[in-house]
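Note that this is a predicted model, so its numbers are computed, not measured.
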Amino acid sequence: MLELIKRGDFMKLSKQAKILLSVGIIYTIGHMIAGTFINVFLFNMTSDYSVIIIINLINYITTYLAFVFGSKYVIKGSIINLFRAGIISTALYYLFILILKEKTALFYYSIPLGMFNGAGIGLFYFAFNNLVSKLTTDENRGNFFGTQSYISTTAGIVLPTISGLLISWLNAQTGYYVLFAISTITFGIGVVFTMMLNKVEFTEHYRIAQALKLRGNTSWDAEKMHAFLMCFKEALYGAVLAVFSVTIMGSEGNVGPLNSIMSIIGVLTGAYMARMVTLKLQKKYFLIFSVIYFIATYLGAGIISPVTLVIMYVLLGIAGTGDRILYSSVEYRLFAAAAKKDLNEGDFIVAAELHMALGRVVAMVGYYALTFFFEPFMLARIVFFIIPLTGLLDYFVIKRKVNWFSDDQI
(Lines give C-alpha, C1' and ligand atoms only; values in the text may rest on other atoms or scores of the structure.)
Protein backbone atom coordinates (compact mmCIF):
# COMPACT_ATOMS: atom_id res chain seq x y z
CA MET A 1 0.00 0.00 0.00
CA LEU A 2 2.80 2.43 0.88
CA GLU A 3 4.48 1.60 -2.42
CA LEU A 4 1.30 2.54 -4.28
CA ILE A 5 1.08 5.86 -2.45
CA LYS A 6 4.75 6.60 -3.12
CA ARG A 7 4.27 5.83 -6.78
CA GLY A 8 1.36 8.23 -6.77
CA ASP A 9 -1.22 5.79 -8.18
CA PHE A 10 -3.79 6.74 -5.55
CA MET A 11 -2.88 10.42 -5.57
CA LYS A 12 -3.49 10.70 -9.33
CA LEU A 13 -7.20 10.10 -8.80
CA SER A 14 -9.77 12.83 -8.24
CA LYS A 15 -11.44 13.13 -4.84
CA GLN A 16 -14.64 11.53 -6.16
CA ALA A 17 -12.69 8.66 -7.75
CA LYS A 18 -10.89 8.06 -4.44
CA ILE A 19 -14.23 7.83 -2.63
CA LEU A 20 -15.55 5.41 -5.27
CA LEU A 21 -12.40 3.33 -4.97
CA SER A 22 -12.74 3.26 -1.17
CA VAL A 23 -16.34 2.06 -1.41
CA GLY A 24 -15.37 -0.64 -3.92
CA ILE A 25 -12.66 -1.93 -1.60
CA ILE A 26 -14.95 -1.79 1.46
CA TYR A 27 -17.60 -3.78 -0.43
CA THR A 28 -15.07 -6.43 -1.47
CA ILE A 29 -13.71 -6.73 2.08
CA GLY A 30 -17.24 -6.99 3.49
CA HIS A 31 -17.88 -10.01 1.28
CA MET A 32 -14.51 -11.60 2.05
CA ILE A 33 -14.97 -11.42 5.82
CA ALA A 34 -18.05 -13.65 5.96
CA GLY A 35 -18.41 -14.86 2.38
CA THR A 36 -15.43 -17.24 2.37
CA PHE A 37 -17.23 -19.77 4.56
CA ILE A 38 -20.89 -18.79 4.09
CA ASN A 39 -21.61 -22.02 2.18
CA VAL A 40 -20.01 -24.07 4.96
CA PHE A 41 -22.30 -22.33 7.47
CA LEU A 42 -25.36 -23.13 5.35
CA PHE A 43 -24.23 -26.73 4.78
CA ASN A 44 -23.73 -27.27 8.51
CA MET A 45 -27.36 -26.33 9.10
CA THR A 46 -28.75 -29.20 7.03
CA SER A 47 -25.83 -31.46 5.98
CA ASP A 48 -26.88 -31.16 2.34
CA TYR A 49 -26.50 -28.65 -0.48
CA SER A 50 -30.18 -27.81 -1.01
CA VAL A 51 -30.19 -24.50 0.90
CA ILE A 52 -26.93 -23.41 -0.77
CA ILE A 53 -28.37 -24.23 -4.18
CA ILE A 54 -31.69 -22.45 -3.63
CA ILE A 55 -30.08 -19.29 -2.24
CA ASN A 56 -27.52 -19.20 -5.07
CA LEU A 57 -30.17 -19.90 -7.71
CA ILE A 58 -32.37 -17.01 -6.55
CA ASN A 59 -29.23 -14.89 -6.15
CA TYR A 60 -28.18 -15.39 -9.79
CA ILE A 61 -31.65 -14.71 -11.19
CA THR A 62 -32.03 -11.57 -9.09
CA THR A 63 -28.54 -10.33 -10.01
CA TYR A 64 -29.52 -10.34 -13.69
CA LEU A 65 -32.87 -8.66 -13.01
CA ALA A 66 -31.04 -6.01 -10.97
CA PHE A 67 -28.76 -5.28 -13.93
CA VAL A 68 -31.76 -4.90 -16.23
CA PHE A 69 -33.56 -2.71 -13.70
CA GLY A 70 -30.45 -0.59 -13.29
CA SER A 71 -30.14 -0.03 -17.04
CA LYS A 72 -33.73 1.24 -17.15
CA TYR A 73 -33.84 3.19 -13.87
CA VAL A 74 -30.54 5.01 -14.30
CA ILE A 75 -31.90 7.24 -17.06
CA LYS A 76 -34.65 8.70 -14.87
CA GLY A 77 -33.22 8.11 -11.41
CA SER A 78 -29.88 8.46 -9.68
CA ILE A 79 -27.01 6.07 -10.23
CA ILE A 80 -25.73 6.97 -6.74
CA ASN A 81 -29.03 5.73 -5.31
CA LEU A 82 -28.57 2.44 -7.17
CA PHE A 83 -25.04 2.19 -5.85
CA ARG A 84 -26.14 2.82 -2.27
CA ALA A 85 -29.14 0.48 -2.57
CA GLY A 86 -26.82 -2.32 -3.70
CA ILE A 87 -24.67 -2.00 -0.58
CA ILE A 88 -27.71 -1.76 1.72
CA SER A 89 -29.27 -4.87 0.16
CA THR A 90 -26.05 -6.84 0.65
CA ALA A 91 -25.80 -5.63 4.26
CA LEU A 92 -29.38 -6.79 4.87
CA TYR A 93 -28.48 -10.22 3.50
CA TYR A 94 -25.81 -10.74 6.17
CA LEU A 95 -27.87 -8.98 8.86
CA PHE A 96 -30.86 -11.28 8.30
CA ILE A 97 -28.61 -14.36 8.46
CA LEU A 98 -27.26 -13.00 11.75
CA ILE A 99 -30.80 -12.51 13.07
CA LEU A 100 -32.20 -15.82 11.77
CA LYS A 101 -29.21 -17.91 12.90
CA GLU A 102 -30.19 -21.60 12.65
CA LYS A 103 -33.51 -20.64 11.02
CA THR A 104 -31.51 -19.56 7.96
CA ALA A 105 -31.69 -23.19 6.80
CA LEU A 106 -35.50 -23.13 6.59
CA PHE A 107 -36.59 -23.28 2.96
CA TYR A 108 -38.97 -20.31 3.05
CA TYR A 109 -36.14 -17.99 4.09
CA SER A 110 -33.91 -19.09 1.20
CA ILE A 111 -35.80 -17.12 -1.44
CA PRO A 112 -35.75 -13.68 0.26
CA LEU A 113 -32.12 -14.19 1.31
CA GLY A 114 -31.14 -15.00 -2.27
CA MET A 115 -33.06 -11.95 -3.49
CA PHE A 116 -31.32 -9.58 -1.08
CA ASN A 117 -27.89 -10.91 -2.04
CA GLY A 118 -28.62 -10.93 -5.78
CA ALA A 119 -30.13 -7.44 -5.77
CA GLY A 120 -27.17 -6.15 -3.79
CA ILE A 121 -24.55 -7.61 -6.11
CA GLY A 122 -26.42 -6.65 -9.30
CA LEU A 123 -27.17 -3.05 -8.34
CA PHE A 124 -23.73 -2.48 -6.82
CA TYR A 125 -21.71 -3.70 -9.78
CA PHE A 126 -23.97 -2.13 -12.40
CA ALA A 127 -23.54 1.24 -10.70
CA PHE A 128 -19.87 0.73 -9.81
CA ASN A 129 -18.81 -0.16 -13.36
CA ASN A 130 -20.62 2.84 -14.79
CA LEU A 131 -19.34 5.19 -12.11
CA VAL A 132 -15.78 4.09 -12.85
CA SER A 133 -16.24 5.17 -16.46
CA LYS A 134 -17.62 8.54 -15.30
CA LEU A 135 -15.22 9.37 -12.48
CA THR A 136 -11.94 8.18 -13.99
CA THR A 137 -10.15 9.02 -17.23
CA ASP A 138 -8.16 6.98 -19.72
CA GLU A 139 -5.02 8.38 -18.08
CA ASN A 140 -5.80 7.34 -14.49
CA ARG A 141 -8.13 4.35 -14.91
CA GLY A 142 -5.15 2.03 -14.73
CA ASN A 143 -4.15 3.68 -11.42
CA PHE A 144 -7.70 3.10 -10.14
CA PHE A 145 -7.81 -0.61 -10.97
CA GLY A 146 -4.19 -1.12 -9.98
CA THR A 147 -4.81 0.24 -6.49
CA GLN A 148 -8.08 -1.69 -6.17
CA SER A 149 -6.43 -4.93 -7.27
CA TYR A 150 -3.47 -4.49 -4.91
CA ILE A 151 -5.58 -3.86 -1.81
CA SER A 152 -8.22 -6.47 -2.68
CA THR A 153 -5.53 -9.07 -3.31
CA THR A 154 -3.87 -8.29 0.01
CA ALA A 155 -7.23 -8.67 1.73
CA GLY A 156 -7.76 -11.95 -0.13
CA ILE A 157 -4.50 -13.26 1.33
CA VAL A 158 -5.11 -12.17 4.92
CA LEU A 159 -8.87 -12.33 5.56
CA PRO A 160 -9.65 -16.02 4.75
CA THR A 161 -7.06 -17.16 7.29
CA ILE A 162 -8.34 -14.74 9.94
CA SER A 163 -11.95 -15.76 9.28
CA GLY A 164 -11.17 -19.47 9.41
CA LEU A 165 -9.16 -19.17 12.62
CA LEU A 166 -11.84 -17.03 14.26
CA ILE A 167 -14.47 -19.69 13.54
CA SER A 168 -12.17 -22.39 14.94
CA TRP A 169 -11.09 -20.46 18.04
CA LEU A 170 -14.61 -19.51 19.04
CA ASN A 171 -17.54 -21.85 19.21
CA ALA A 172 -18.15 -22.54 15.50
CA GLN A 173 -21.57 -20.86 15.39
CA THR A 174 -20.41 -17.92 17.52
CA GLY A 175 -17.48 -17.40 15.14
CA TYR A 176 -19.84 -17.21 12.18
CA TYR A 177 -22.13 -14.75 13.94
CA VAL A 178 -19.18 -12.51 14.76
CA LEU A 179 -18.13 -12.55 11.09
CA PHE A 180 -21.67 -11.76 9.89
CA ALA A 181 -21.83 -8.83 12.32
CA ILE A 182 -18.46 -7.48 11.17
CA SER A 183 -19.51 -7.78 7.52
CA THR A 184 -22.77 -5.94 8.19
CA ILE A 185 -20.92 -3.11 9.93
CA THR A 186 -18.39 -2.97 7.08
CA PHE A 187 -21.17 -2.53 4.51
CA GLY A 188 -22.69 0.15 6.74
CA ILE A 189 -19.39 2.07 6.54
CA GLY A 190 -19.59 1.72 2.75
CA VAL A 191 -23.07 3.30 2.77
CA VAL A 192 -21.72 6.28 4.74
CA PHE A 193 -18.95 6.75 2.16
CA THR A 194 -21.49 6.84 -0.70
CA MET A 195 -23.03 9.93 0.87
CA MET A 196 -19.84 11.81 -0.02
CA LEU A 197 -20.31 11.10 -3.75
CA ASN A 198 -21.69 13.95 -5.86
CA LYS A 199 -24.60 13.48 -8.24
CA VAL A 200 -23.51 11.98 -11.57
CA GLU A 201 -25.46 12.67 -14.77
CA PHE A 202 -26.17 9.53 -16.80
CA THR A 203 -27.76 9.74 -20.26
CA GLU A 204 -26.73 6.47 -21.94
CA HIS A 205 -29.50 4.20 -23.27
CA TYR A 206 -28.92 0.46 -23.43
CA ARG A 207 -30.38 -1.55 -26.32
CA ILE A 208 -30.44 -4.88 -24.53
CA ALA A 209 -33.37 -6.44 -26.41
CA GLN A 210 -31.86 -5.52 -29.77
CA ALA A 211 -28.56 -7.13 -28.82
CA LEU A 212 -30.25 -10.29 -27.54
CA LYS A 213 -32.23 -10.64 -30.79
CA LEU A 214 -29.13 -10.30 -32.96
CA ARG A 215 -28.48 -13.39 -35.10
CA GLY A 216 -25.66 -14.37 -37.43
CA ASN A 217 -22.95 -12.41 -35.60
CA THR A 218 -20.29 -15.06 -34.95
CA SER A 219 -18.43 -12.93 -32.38
CA TRP A 220 -21.62 -12.39 -30.38
CA ASP A 221 -22.50 -16.11 -30.72
CA ALA A 222 -19.06 -17.01 -29.36
CA GLU A 223 -19.40 -14.51 -26.47
CA LYS A 224 -22.79 -15.91 -25.44
CA MET A 225 -21.32 -19.40 -25.06
CA HIS A 226 -18.12 -17.97 -23.55
CA ALA A 227 -20.13 -16.19 -20.83
CA PHE A 228 -22.42 -19.17 -20.26
CA LEU A 229 -19.59 -21.68 -19.79
CA MET A 230 -17.45 -19.47 -17.56
CA CYS A 231 -20.32 -18.68 -15.20
CA PHE A 232 -21.54 -22.29 -15.24
CA LYS A 233 -18.08 -23.31 -14.04
CA GLU A 234 -17.74 -20.55 -11.41
CA ALA A 235 -21.21 -21.24 -9.96
CA LEU A 236 -20.41 -24.91 -9.39
CA TYR A 237 -16.92 -24.13 -8.14
CA GLY A 238 -18.17 -21.55 -5.64
CA ALA A 239 -20.92 -23.84 -4.35
CA VAL A 240 -18.75 -26.84 -3.49
CA LEU A 241 -15.11 -25.85 -2.89
CA ALA A 242 -15.30 -24.58 0.71
CA VAL A 243 -17.59 -27.36 1.93
CA PHE A 244 -15.51 -30.04 0.15
CA SER A 245 -12.31 -28.64 1.65
CA VAL A 246 -13.63 -28.37 5.23
CA THR A 247 -14.85 -31.98 4.99
CA ILE A 248 -11.30 -33.13 4.16
CA MET A 249 -9.33 -30.76 6.42
CA GLY A 250 -11.65 -31.01 9.41
CA SER A 251 -12.17 -27.32 10.22
CA GLU A 252 -12.43 -23.82 8.76
CA GLY A 253 -9.21 -22.91 10.56
CA ASN A 254 -7.32 -25.41 8.41
CA VAL A 255 -8.96 -24.27 5.16
CA GLY A 256 -8.51 -20.52 5.65
CA PRO A 257 -4.73 -20.70 5.07
CA LEU A 258 -5.34 -22.70 1.88
CA ASN A 259 -7.39 -19.79 0.50
CA SER A 260 -4.55 -17.46 1.46
CA ILE A 261 -2.02 -19.69 -0.31
CA MET A 262 -4.24 -19.75 -3.39
CA SER A 263 -4.41 -15.94 -3.33
CA ILE A 264 -0.61 -15.63 -3.05
CA ILE A 265 -0.15 -18.00 -6.00
CA GLY A 266 -2.74 -15.96 -7.85
CA VAL A 267 -0.78 -12.75 -7.27
CA LEU A 268 2.39 -14.36 -8.63
CA THR A 269 0.48 -15.73 -11.62
CA GLY A 270 -1.01 -12.33 -12.36
CA ALA A 271 2.43 -10.71 -12.15
CA TYR A 272 3.85 -13.35 -14.51
CA MET A 273 1.05 -12.81 -17.03
CA ALA A 274 1.46 -9.05 -16.91
CA ARG A 275 5.16 -9.40 -17.77
CA MET A 276 5.44 -12.49 -19.94
CA VAL A 277 2.14 -13.32 -21.64
CA THR A 278 1.75 -11.28 -24.81
CA LEU A 279 -1.49 -10.85 -26.69
CA LYS A 280 -0.23 -13.26 -29.32
CA LEU A 281 0.28 -15.99 -26.70
CA GLN A 282 -3.14 -15.70 -25.08
CA LYS A 283 -4.68 -18.43 -27.23
CA LYS A 284 -1.95 -20.84 -26.10
CA TYR A 285 -2.28 -19.90 -22.43
CA PHE A 286 -6.07 -20.21 -22.53
CA LEU A 287 -5.61 -23.89 -23.35
CA ILE A 288 -2.76 -24.34 -20.85
CA PHE A 289 -4.79 -22.94 -17.96
CA SER A 290 -7.78 -25.09 -18.94
CA VAL A 291 -5.55 -28.17 -18.77
CA ILE A 292 -4.10 -27.12 -15.38
CA TYR A 293 -7.65 -26.64 -14.11
CA PHE A 294 -8.44 -30.16 -15.33
CA ILE A 295 -5.41 -31.66 -13.54
CA ALA A 296 -6.11 -29.74 -10.31
CA THR A 297 -9.73 -30.79 -9.89
CA TYR A 298 -9.23 -34.38 -11.04
CA LEU A 299 -6.34 -34.77 -8.61
CA GLY A 300 -8.17 -33.18 -5.68
CA ALA A 301 -11.42 -35.07 -6.25
CA GLY A 302 -9.82 -38.31 -7.37
CA ILE A 303 -7.34 -38.83 -4.52
CA ILE A 304 -8.88 -37.73 -1.24
CA SER A 305 -6.21 -36.50 1.18
CA PRO A 306 -5.03 -33.21 2.75
CA VAL A 307 -1.86 -33.35 0.61
CA THR A 308 -3.70 -33.58 -2.72
CA LEU A 309 -6.09 -30.86 -1.55
CA VAL A 310 -3.15 -28.52 -0.90
CA ILE A 311 -1.78 -29.32 -4.38
CA MET A 312 -5.22 -28.63 -5.83
CA TYR A 313 -5.35 -25.21 -4.17
CA VAL A 314 -1.89 -24.33 -5.51
CA LEU A 315 -2.86 -25.35 -9.04
CA LEU A 316 -6.19 -23.52 -8.77
CA GLY A 317 -4.26 -20.41 -7.73
CA ILE A 318 -2.45 -20.63 -11.07
CA ALA A 319 -5.33 -21.77 -13.29
CA GLY A 320 -8.07 -19.74 -11.62
CA THR A 321 -6.20 -16.44 -11.87
CA GLY A 322 -5.00 -17.05 -15.41
CA ASP A 323 -8.46 -18.22 -16.41
CA ARG A 324 -10.18 -15.09 -15.13
CA ILE A 325 -7.64 -12.74 -16.71
CA LEU A 326 -7.90 -14.42 -20.09
CA TYR A 327 -11.67 -14.69 -19.82
CA SER A 328 -11.96 -10.91 -19.48
CA SER A 329 -9.45 -10.30 -22.28
CA VAL A 330 -11.27 -12.59 -24.69
CA GLU A 331 -14.66 -11.27 -23.60
CA TYR A 332 -13.89 -7.65 -24.37
CA ARG A 333 -12.28 -8.64 -27.66
CA LEU A 334 -15.51 -10.43 -28.60
CA PHE A 335 -17.59 -7.42 -27.52
CA ALA A 336 -15.49 -5.15 -29.74
CA ALA A 337 -15.73 -7.55 -32.67
CA ALA A 338 -19.51 -7.92 -32.24
CA ALA A 339 -20.21 -4.17 -32.07
CA LYS A 340 -21.98 -2.73 -35.09
CA LYS A 341 -23.08 0.73 -36.16
CA ASP A 342 -26.38 0.50 -34.23
CA LEU A 343 -25.07 -1.51 -31.27
CA ASN A 344 -22.06 -0.58 -29.16
CA GLU A 345 -19.93 -2.58 -26.72
CA GLY A 346 -21.97 -1.37 -23.75
CA ASP A 347 -25.14 -2.90 -25.20
CA PHE A 348 -23.44 -6.28 -25.50
CA ILE A 349 -21.86 -6.03 -22.03
CA VAL A 350 -25.25 -5.66 -20.35
CA ALA A 351 -26.94 -8.17 -22.69
CA ALA A 352 -24.25 -10.75 -21.88
CA GLU A 353 -25.44 -10.71 -18.27
CA LEU A 354 -28.39 -12.85 -19.40
CA HIS A 355 -26.09 -15.60 -20.64
CA MET A 356 -23.98 -15.34 -17.50
CA ALA A 357 -27.15 -15.74 -15.43
CA LEU A 358 -28.26 -18.69 -17.57
CA GLY A 359 -24.91 -20.41 -17.02
CA ARG A 360 -25.22 -20.00 -13.26
CA VAL A 361 -28.90 -21.01 -13.17
CA VAL A 362 -28.40 -24.12 -15.31
CA ALA A 363 -25.47 -25.09 -13.07
CA MET A 364 -27.56 -24.78 -9.91
CA VAL A 365 -30.62 -26.55 -11.37
CA GLY A 366 -28.46 -29.43 -12.61
CA TYR A 367 -26.67 -29.53 -9.28
CA TYR A 368 -29.96 -29.65 -7.40
CA ALA A 369 -31.21 -32.52 -9.57
CA LEU A 370 -28.09 -34.53 -8.74
CA THR A 371 -28.65 -34.14 -4.99
CA PHE A 372 -31.46 -36.71 -5.28
CA PHE A 373 -29.04 -39.37 -6.54
CA PHE A 374 -25.78 -38.82 -4.63
CA GLU A 375 -24.75 -38.11 -1.06
CA PRO A 376 -23.12 -34.66 -0.56
CA PHE A 377 -19.42 -35.58 -0.57
CA MET A 378 -19.69 -37.88 -3.60
CA LEU A 379 -21.70 -35.19 -5.38
CA ALA A 380 -18.95 -32.65 -4.74
CA ARG A 381 -16.40 -35.04 -6.27
CA ILE A 382 -18.60 -35.54 -9.35
CA VAL A 383 -18.97 -31.77 -9.75
CA PHE A 384 -15.19 -31.36 -9.63
CA PHE A 385 -14.92 -33.86 -12.48
CA ILE A 386 -17.41 -31.80 -14.54
CA ILE A 387 -16.05 -28.29 -13.89
CA PRO A 388 -12.81 -28.36 -15.96
CA LEU A 389 -14.57 -29.73 -19.04
CA THR A 390 -16.23 -26.33 -19.51
CA GLY A 391 -12.87 -24.57 -20.02
CA LEU A 392 -11.81 -27.03 -22.69
CA LEU A 393 -15.20 -26.74 -24.39
CA ASP A 394 -14.94 -22.93 -24.27
CA TYR A 395 -11.57 -23.06 -26.03
CA PHE A 396 -12.97 -25.08 -28.93
CA VAL A 397 -16.18 -23.01 -29.16
CA ILE A 398 -14.11 -19.86 -29.70
CA LYS A 399 -11.95 -21.71 -32.21
CA ARG A 400 -14.99 -22.90 -34.15
CA LYS A 401 -16.95 -19.63 -34.06
CA VAL A 402 -14.22 -17.06 -34.71
CA ASN A 403 -11.12 -19.24 -35.27
CA TRP A 404 -9.53 -17.32 -32.38
CA PHE A 405 -9.99 -14.14 -34.45
CA SER A 406 -8.27 -15.78 -37.42
CA ASP A 407 -5.26 -16.46 -35.19
CA ASP A 408 -4.77 -12.73 -34.84
CA GLN A 409 -3.79 -11.15 -31.55
CA ILE A 410 -6.47 -11.18 -28.88
Side-chain angles (χ1 to χ4, degrees), residues 1-2 4-33 62-95 116-155 183-208 332 344-347 349-350 353:
M1 183 65 181
L2 290 175
L4 283 171
I5 295 173
K6 288 177 182 178
R7 279 209 324 251
D9 286 11
F10 185 75
M11 302 309 295
K12 291 177 183 177
L13 302 173
S14 67
K15 180 181 178 181
Q16 289 293 290
K18 291 174 184 175
I19 296 172
L20 178 65
L21 174 61
S22 299
V23 176
I25 292 169
I26 289 170
Y27 189 82
T28 300
I29 289 174
H31 268 298
M32 285 182 180
I33 290 170
T62 310
T63 297
Y64 172 68
L65 294 177
F67 259 85
V68 174
F69 172 79
S71 68
K72 303 295 183 182
Y73 171 86
V74 73
I75 304 300
K76 298 179 180 179
S78 165
I79 195 168
I80 303 299
N81 287 342
L82 285 178
F83 193 47
R84 188 177 299 122
I87 304 173
I88 292 172
S89 185
T90 304
L92 289 173
Y93 168 69
Y94 286 106
L95 178 61
F116 274 112
N117 195 29
I121 292 171
L123 293 176
F124 177 85
Y125 282 108
F126 173 84
F128 181 78
N129 292 338
N130 282 289
L131 285 170
V132 169
S133 69
K134 294 288 186 180
L135 300 181
T136 63
T137 64
D138 291 338
E139 288 74 25
N140 64 21
R141 198 162 293 139
N143 306 123
F144 183 96
F145 286 118
T147 306
Q148 182 190 34
S149 176
Y150 182 88
I151 298 175
S152 297
T153 300
T154 302
S183 284
T184 303
I185 293 170
T186 302
F187 290 121
I189 294 171
V191 172
V192 173
F193 269 69
T194 64
M195 296 177 182
M196 293 184 277
L197 288 170
N198 298 331
K199 183 178 180 181
V200 177
E201 295 295 330
F202 198 92
T203 58
E204 287 81 351
H205 290 266
Y206 288 107
R207 291 156 290 190
I208 303 173
Y332 279 93
N344 59 40
E345 292 180 39
D347 299 322
I349 289 172
V350 178
E353 288 292 327

Has the side chain of Ser89 got a donor or acceptor atom that lies under 3.5 Å from a matching backbone atom of Gly86? no

Verify, without hydrogens or angle tests, whether Gln16 (side chain) and Met196 (backbone) share a donor-acceptor contact under 3.5 angstrom. yes

Is any side-chain heavy atom of Leu82 less than 4.5 Å from a side-chain heavy atom of Phe69? yes

Side chains of Asn117 and His31: does their closest heavy-atom pair fall under 4.5 Å? yes

More than 12 non-hydrogen atoms from neighbouring residues, nucleotides or ligands closer than 6.0 Å to OH on Tyr73, yes or no? yes

Plane angle bin for Tyr94 and Phe187 - parallel if under 30°, tilted between 30 and 60°, otherwise perpendicular: parallel

Hey, what's the ring geometry for Tyr125 with Tyr27, parallel, tilted or perpendicular (30° and 60° as the breaks)? perpendicular

From [X] [atom1] over to [Y] [atom2], what is the distance, rounded to the nearest 0.5 angstrom?
{"X": "Thr194", "Y": "Asn81", "atom1": "OG1", "atom2": "CG", "answer": "9.0 Å"}
{"X": "Asn198", "Y": "Lys15", "atom1": "CG", "atom2": "NZ", "answer": "8.0 Å"}
{"X": "Ser22", "Y": "Ile189", "atom1": "OG", "atom2": "CD1", "answer": "11.5 Å"}

Which heavy atom of Gly118 sits nearest a heavy atom of Ala66, and at what distance? O-CB, 4.3 Å

Taking all non-hydrogen atoms of both residues, which atom of Ala85 and which atom of Leu123 are closest, and how far apart? CB-CD1, 4.1 Å

Applying side chain to side chain contact (heavy atoms under 4.5 Å, CB included), run through Phe124 and Thr90 and close with a yes or a no. CA-CA 9 Å; Phe124 177 85; Thr90 304; 5.6 Å; no

What's the verdict on side chain to side chain contact (heavy atoms under 4.5 Å, CB included) for Leu20 and Phe83, showing C-alpha distance, side-chain angles and the deciding distance? CA-CA 10 Å; Leu20 178 65; Phe83 193 47; 3.6 Å; yes

